[in-house]
Amino acid sequence: MPRYNPATIEPKWQQFWEEHKTFATDRLPATEKRYVLDMFPYPSGDGLHVGHPEGYTATDIVCRYHRMRGRSVMHPMGYDAFGLPAEQHAKKTGTPPRETTEKNIANFRRQLKMLGFSYDWDRELATTDVAFFRWTQWIFLKLFDTWFDVEAQCGRPIDELPIPADVAAAGDEVVRRYQDEHRLAYQVEAPVNWCPKLGTVLSNEEVQGGISERGGHPVVRIPLRQWMLRITAYADRLLAGLDDVDWPESIKLLQRNWIGRSTGAEVDFFIGTSIGPDGRPPEADFAAWQTARRGKSFPAKEGDDVLRIYTTRPDTLFGATYMVIAPEHPLVDRLTSDEQRAAVTTYREQAARKSELDRTDLAKEKTGVFSGSSAINPVNGTAVPIWIADYVMMGYGTGAIMAVPAHDERDFEFAQQFDISIKAVVDPGGAVDADVRRAILAGEQVFTDHGTAVNSGSYDGLATAAFKKQITGDLATGGVARAAVNYKLRDWLFSRQHYWGEPFPILHELDADGQPTGLLRAIPADELPIDIPDMKMPETSESPEPPLEQAPEAWLYPVVDGVRYKRETNSMPQWAGSCWYYLRYLDPANDQQLVDPEVERAWMPVDLYVGGAEHAVLHLLYARFWHQVLFDHGLVSTREPFRRLVNQGMILGEAEFTGYQADGKEWISASRVKTSADGALLADGKTPVVSVTIDPDQVEKQGDGFVLKNENAIKVESRSFKMSKSRGNVVNPDEVVREYGADSLRLYEMFMGPLEATKPWSMSGVNGVRGFLDRVWRMIVDDRAESPTLNPAISDSPPDDEQNRVLHRTIKAVTEDIEALSFNTAISRMMEFTNFFTKQSERPRAAMDALVLLLSPFAPHIAEELWAALGHADTLAYEPWPEWDESALVEESMELPAQINGKVRSRITVPTDADRPALEAAARADARIAELLEGKTVVKVIVVPGRLVNFVVK
RNA sequence: GCGAGAGUGGCGGAAUUGGCAGACGCGCUGGACUUAGGAUCCAGUGGGGUAACCCGUGGGGGUUCGAGUCCCCCCUCUCGCACCA
């Protein structure tokens with residue numbers, strides 16, 4: 001048989017699997033099911049990078065393993081194919097996005113097949129398929145048709161929304177508008193993140209410190225009509241659901257922080273209807289207001305005579321020395337005195353402009369301006385001056401706070417800057433040093449922890465937690481406060497100004513003059529899909545007008561029942577398709593339903609979901625949200641879609657040595673080089689230097705770092721960088737497959753290290769695992785023979801005891817390692833097996849069969865080829881997984897360390913089942929130990945059977 | 001700044017959860033076979049020491065017969081979040 005040649009055997013087996021539909025999955029599982037899912041890729045023009053096959057190989061191993069264990073495996077693949085690049089390409093070249101996308105998908109498909117993954121290709125889908133996004137639109141209609149019943153904590157159909165009597169009385173149109181306000185999908189005219197360069201609005205999640213996450217372009221805030229999804233309604237459910245899933249704690253924490261639930265109180269501060277000459281509302285008005293509020297329930301909407309604030313620390317109300325409202329707060333105008341008006345106007349303009357810039361840069365120093373007026377603190381009737389400052393944001397809570405500088409770091413900083421008084425109301429007691437406590441109580445230092453109330457009237461002496469509860473209750477009785485919950489999570493901005501995205505199935509009613517009436521009409525589900533119209537892409541413009549505004553009239557202005565409508569011209573964000581694609585795989589051709597409930601119940605939830613950690617928050621939160629809405633409608637049977645989640649780590653480029661050179665090519669030691677604030681490389685903080693990649697053989701180890709061989713004083717850095725085109729360290733899977741084969745690529749990616757870890761690429765490592773596959777090949781076949789011949793060492797006799805022990809130890813280790821997703825160690829075990837058996841002149845066929853089966857999930861092509869060479873007629877994909885025999889593992893004797901004072905001084909060979917006295921005796925009998933114990937007092941003997949013997953001596 | 005994770009040979013990484021540190025692979029050294037080797041095979045490979053032995057898991061302390069593993073303090077790196085009241 002010839003040498004191992006992946007270039008011929010890999011395509012051969014891929015073709016075999018394809019022709020025989022080896023991995024096609026039945027509609028319903030016949031045995032215990034496993035749904036193993038990869039995060040589907042965005043089919044970029046660059047093709048797969050080596051990061052993709054990492055997760056995909058891991059799931060493929062799990063799937064192939066489970067099939068051999070007799071389980072019914074669902075393992076599909078598809079493409080998250082909407083995306084900006086195809087659209088930008090279209091603008092540049094005129095190529096329709098669909099054409100570009102399909103070309104890219106074809107390339108991805110070729111690459112995925114080249115790697116031998118055991119997907120059921122009949123279930124392949126792309127989010128851009130009209131037959132797929134028909135159901136994305138259908139789900140949108142569900143969202144549109146849902147309101148959230150807070151009492152029941154459940155989404156319900158909109159026609160079950162209770163209509164208040166006054167609304168009902170006002171007529172049909174008012175009822176419709178009322179319903180529209182309560183839908184999970186709703187429209188707002190709100191300031192949004194508009195990115196002129198990308199030509200679209202971005203979600204808060206896609207903006208990092210004033211620039212777009214993708215591309216790094218500036219983002220400005222402009223008001224636009226947008227679709228929102230009311231994900232905040234599901235905040236508590238999304239939080240609670242995390243307790244029921246087997247996800248990495250770090251990811252759960254990320255989601256919990258993102259949702260950012262806090263509890264506290266909303267409190268109304270009286271501002272009256274007019275500002276008195278002293279800047280505060282008249283005392284009498286306050287008294288009247290207090291009386292009017294007492295005993296009443298806290299109004300759902302604050303009147304215009306109060307400033308409503310949210311606080312998590314109602315126990316610090318007595319320490320509120322000023323208040324802050326956001327510059328965008330609706331009461332700014334009213335609360336500004338004439339004297340302050342000019343200053344306030346200037347400040348608001350500055351603040352508005354500031355939000356267009358990178359705010360993080362400006363976040364160093366707090367800014368603000370006094371409004372000239374005050375509000376009345378409901379706990380003690382004190383007038384509290386109101387400031388306007390942009391460290392309070394309109395989007396969170398009520399957009400207004402009471403500031404307690406003594407017990408909040410931001411307020412403390414602000415108060416110091418503007419010389420506002422600081423009043424301590426929480427005594428840390430013994431929790432801090434005495435002088436720190438003194439400083440805190442004197443208002444010289446901030447203290448944000450819990451403690452004991454002081455300067456708080458009758459509440460003095462209460463512990464923080466008790467105080468919170470007490471005062472919230474007291475104020476609620478007075479009708480001026482209520483317990484409240486807030487979330488950092490914002491509603492999800494769901495519309496984009498793209499051509500290449502799912503159109504919304506929504507029509508806007510037009511009046512006789514062709515103007516929108518503001519009334520909406522959802523397109524009936526049976527009229528879906530709404531396809532993307534064929535049209536010429538508009539010229540690049542930086543206006544926020546969606547491209548679909550220039551769609552053909554016939555598409556844009558449909559007439560239904562004699563009424564003229566204009567279609568919604570925004571499109572859905574790329575996240576939409578990925579929110580539910582895992583459901584469609586189960587029933588991809590169904591044109592009656594999103595998924596057949598019987599099929600859904602049989603396969604869901606996803607048992608294992610593997611993908612990059614970059615989706616920790618967005619994709620996984622959005623998908624969970626949609627899933628819960630679908631659950632509320634009885635469309636899916638599980639509360640959570642993904643039972644177990646694993647994040648594969650990033651693969652970095654090959655390790656590089658970097659040195660630094662000044663102008664004249666003179667080397668500068670890396671220890672002197674720092675990156676300055678603006679990103680420039682400076683030596684000793686002043687001389688500019690450039691970084692130079694150094695050949696590994698110019699470098700040697702010295703101390704705990706590396707230095708130049710020629711100039712030992714020059715330190716160089718050693719590290720790996722993220723793969724990027726600009727750095728030129730991208731590894732192309734096509735090339736690796738061409739050079740080493742798909743099995744080697746798969747095996748190497750699994751051998752690099754733990755799946756979750758970030759690891760650097762190493763081409764010689766690939767070469768190493770290829771060497772292993774070569775050895776496996778030669779262990780079994782005679783690679784010098786012309787015709788297919790087994791290695792003469794292969795024998796039909798049964799394994800001897802030692803061979804059997806190695807065999808069963810390997811089966812056990814590999815099986816347990818696969819279960820634990822510890823693929824790197826599983827491969828090590830198979831290497832040990834191979835190292836052992838290549839030295840054996842008799843290699844029992846049974847052992848070879850077993851190894852080939854163990855190897856097959858990792859390197860399926862070579863395994864199939866060897867399986868055939870060993871005389872088996874059919875694919876090994878459904879061969880029973882080898883089982884180990886515990887009794888074959890036991891050895892008669894073993895070697896144990898014998899220690900004196902915890903240091904290994906000798907090794908003893910003892911029967912495996914030796915008891916404590918026998919072990920101690922054996923150790924004492926050892927010549928070396930006996931010699932060392934001579935003349936010493938043995939204080940204690942520690943014997944751990946199967947582990948060691950340790951003498952503690954004096 | 002806050003939060004999470006991680007620091008083990010020249011490199012990637014192992015170590016049944018407190019029990020022989022460095023499995024396995026790369027690289028390196030020597031040897032064999034070769035016209036040749038970026039093929040294959042054999043041997044060696046944490047550091048120091050002729051040796052007995054000593055030192056070694058980022059640094060410092062501690063618990064323990066015994067610590068990579070547990071506790072305290074510190075340093076470095078990576079990834080999130082970034083005025084969330």
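The basis for the numbers below is simple: all heavy atoms, side chains too, and nothing from hydrogens, waters or symmetry mates.
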(request) Figure out the CG/C1' separation between A/Asp408 and B/rC83, and round it to whole Å. (result) 9 Å

(request) Look at all strands and tell whether A/Asn486 reaches a base, only sugar-phosphate, or nothing, counting heavy atoms closer than 4.0 Å. (result) nothing

(request) Please tell me which of the listed nucleotides, B/rC83, B/rG3, B/rC55, lies nearest to the side chain of A/Met393? (result) B/rC83

(message) If I pick the C1' atom on B/rG25 and the same atom on B/rU45, what distance separates them, to the nearest angstrom?
(response) 14 Å

(request) Using a 4.0 Å heavy-atom cut-off across all strands, classify A/Ile942 as base, sugar-phosphate, or nothing. (result) base

(request) Can you figure out which of B/rC81, B/rG19, B/rC41 approaches the side chain of A/Val944 most closely? (result) B/rG19

(request) Assign the ring pair A/His619 / A/His615 to parallel, tilted or perpendicular, where the plane angle (0 to 90°) is split at 30° and 60°. (result) perpendicular

(message) What's the gap between B/rG12 and B/rG27 when it is taken at their C1' atoms, as a whole Å value?
(response) 11 Å

(request) Can you figure out which of B/rC41, B/rA85, B/rC42 approaches the side chain of A/Lys839 most closely? (result) B/rC42

(request) Quick one: label A/Glu249 by what it contacts on the DNA or RNA (base, sugar-phosphate, nothing), any heavy atom closer than 4.0 Å. (result) nothing

(request) Given ring pair (Phe, Tyr, Trp, His ring centres under 6.0 Å), test A/Tyr740 with A/Tyr748 step by step and report yes or no. (result) CA-CA 10 Å; A/Tyr740 299 97; A/Tyr748 172 65; 9.2 Å; no

(request) Measure the spacing between CE of A/Met763 and CD of A/Glu735 and express it to the nearest 0.5 Å. (result) 7.0 Å

(request) Classify the nucleic acid contact of A/Thr758 as base, sugar-phosphate or nothing, counting any heavy atom under 4.0 Å across all strands shown. (result) sugar-phosphate

(request) Would you mind pulling out the nucleotide paired to B/rC2, Watson-Crick or G-U wobble, both distances under 3.5 Å? (result) B/rG80

(message) I want to check one thing: is the phosphate of B/rG5, taken as OP1 and OP2, less than 4.0 Å away from some side-chain N or O of A/Asn647?
(response) no

(message) Measuring only the P atom in each nucleotide, how far is B/rC65 from B/rC79? A whole number of Å is fine.
(response) 43 Å

(request) Could you tell me whether B/rG59 is syn or anti, where syn means a glycosidic angle within 90 degrees of zero? (result) anti

(request) Send over the distance from A/Arg770 CZ to B/rC26 C1', rounded to a whole Å. (result) 16 Å

(request) Take the protein atom CZ of A/Phe706 and the nucleotide atom P of B/rG9, then report the distance between them rounded to whole Å. (result) 10 Å

(request) Could you please name the option among B/rC83, B/rG19, B/rC24 that lies closest to any side-chain atom of A/Asp390? (result) B/rC83

(request) Quick one: closest heavy-atom pair of A/Val949 and A/Ala923, and the distance? (result) CG1-CB, 3.7 Å

(message) Applying a 4.0 Å non-hydrogen cut-off, can you work out what A/Gly260 is touching in the nucleic acid: base, sugar-phosphate, or nothing?
(response) nothing

(message) Output the rounded distance in Å from CD (A/Glu749) to P (B/rG12).
(response) 17 Å

(request) Map A/Leu896 and A/Phe951 onto RNA chain B by nearest heavy atom, then report which one ends up closer to the 5' terminus. (result) A/Leu896

(message) Parallel, tilted or perpendicular: which one describes the rings of A/Trp492 and A/Tyr622, with boundaries at 30° and 60°?
(response) parallel

(request) Please state the C1' separation for the pair B/rC74 and B/rU29 - nearest whole angstrom. (result) 40 Å

(request) Mind checking the OH-OG1 spacing from A/Tyr487 to A/Thr232? Nearest 0.5 Å is all I need. (result) 8.5 Å

(message) Any side-chain N or O of A/Asn824 below 4.0 angstrom from OP1/OP2 of B/rA14?
(response) yes

(message) From the set B/rU78, B/rG66, B/rC54, return the single nucleotide nearest to any side-chain atom of A/Asn950.
(response) B/rG66

(message) Between B/rA21 and B/rC81, how many Å separate the two P atoms, rounded to a whole number?
(response) 43 Å

(request) In whole angstrom, give me the gap between the P atoms of B/rG47 and B/rU57. (result) 15 Å

(message) For a quick check of understanding: with a heavy-atom distance under 4.0 Å over all strands, which category does A/Leu254 fall into, base, sugar-phosphate or nothing?
(response) sugar-phosphate

(request) Can you figure out which of B/rG12, B/rA85, B/rC11 approaches the side chain of A/Thr312 most closely? (result) B/rA85

(message) Check the phosphate of B/rC54 against A/Arg905, side-chain N and O only, distance under 4.0 Å to OP1 or OP2. Yes or no?
(response) yes

(message) Expressed as a whole number of angstroms, how long is the span from A/Phe751:CZ to B/rC24:P?
(response) 10 Å

(message) Measuring only the C1' atom in each nucleotide, how far is B/rU8 from B/rU63? A whole number of Å is fine.
(response) 22 Å

(message) Strictly by Watson-Crick or wobble contacts shorter than 3.5 Å, is anything paired with B/rG38, and which nucleotide is it?
(response) none

(message) From the set B/rG27, B/rA85, B/rA14, return the single nucleotide nearest to any side-chain atom of A/Ser764.
(response) B/rG27

(request) Could you check which nucleotide pairs with B/rG66 in any of the strands shown, counting Watson-Crick or G-U wobble with both distances under 3.5 Å? (result) none

(message) If you assign A/Val904 and A/Pro754 each to the RNA chain B nucleotide with the nearest heavy atom, which residue ends up on the more 5' nucleotide?
(response) A/Pro754

(message) When the C1' atoms of B/rG68 and B/rU17 are compared, how many Å lie between them, rounded to an integer?
(response) 12 Å

(request) Starting from P on B/rG13, measure out to CZ on A/Phe772 and report it in whole angstrom. (result) 20 Å

(request) Answer yes when A/Arg916 and A/Glu920 have at least one side-chain N-carboxylate O distance shorter than 4.0 Å, and no when they do not. (result) no

(request) Using atom CG of A/Leu747 as one end and atom C1' of B/rC26 as the other, report the distance to the nearest whole Å. (result) 14 Å

(message) Side chain of A/Lys759, heavy atoms from C-beta onward: which of B/rC83, B/rG19, B/rG13 has the nearest atom to it?
(response) B/rG13

(message) Looking at A/Glu656 and A/Arg727, is there a salt bridge between them, counting it only when a charged N and a carboxylate O are closer than 4.0 Å?
(response) yes

(message) When you measure from the side-chain N and O atoms of A/Ser262 to the phosphate of B/rA85, is any distance below 4.0 Å, counting only OP1 and OP2?
(response) yes

(request) Name the closest nucleotide to the A/Arg778 side chain, picking from B/rG19, B/rC41, B/rA4. (result) B/rC41

(request) Would you mind telling me which of A/Ile61, A/Asn824, A/Leu745, A/Val769 makes a side-chain contact (heavy atoms from CB on, under 4.5 Å) with A/Met750? (result) A/Ile61

(message) Using the side-chain heavy atoms of A/Tyr396, tell me which of these nucleotides is nearest: B/rA52, B/rA85, B/rA15.
(response) B/rA85

(request) Would you kindly give the CZ-to-P distance between A/Arg928 and B/rA51, to the nearest whole Å? (result) 15 Å

(request) Could you please name the partner base of B/rG44, counting Watson-Crick and G-U wobble pairs only when both distances are under 3.5 Å? (result) B/rC28

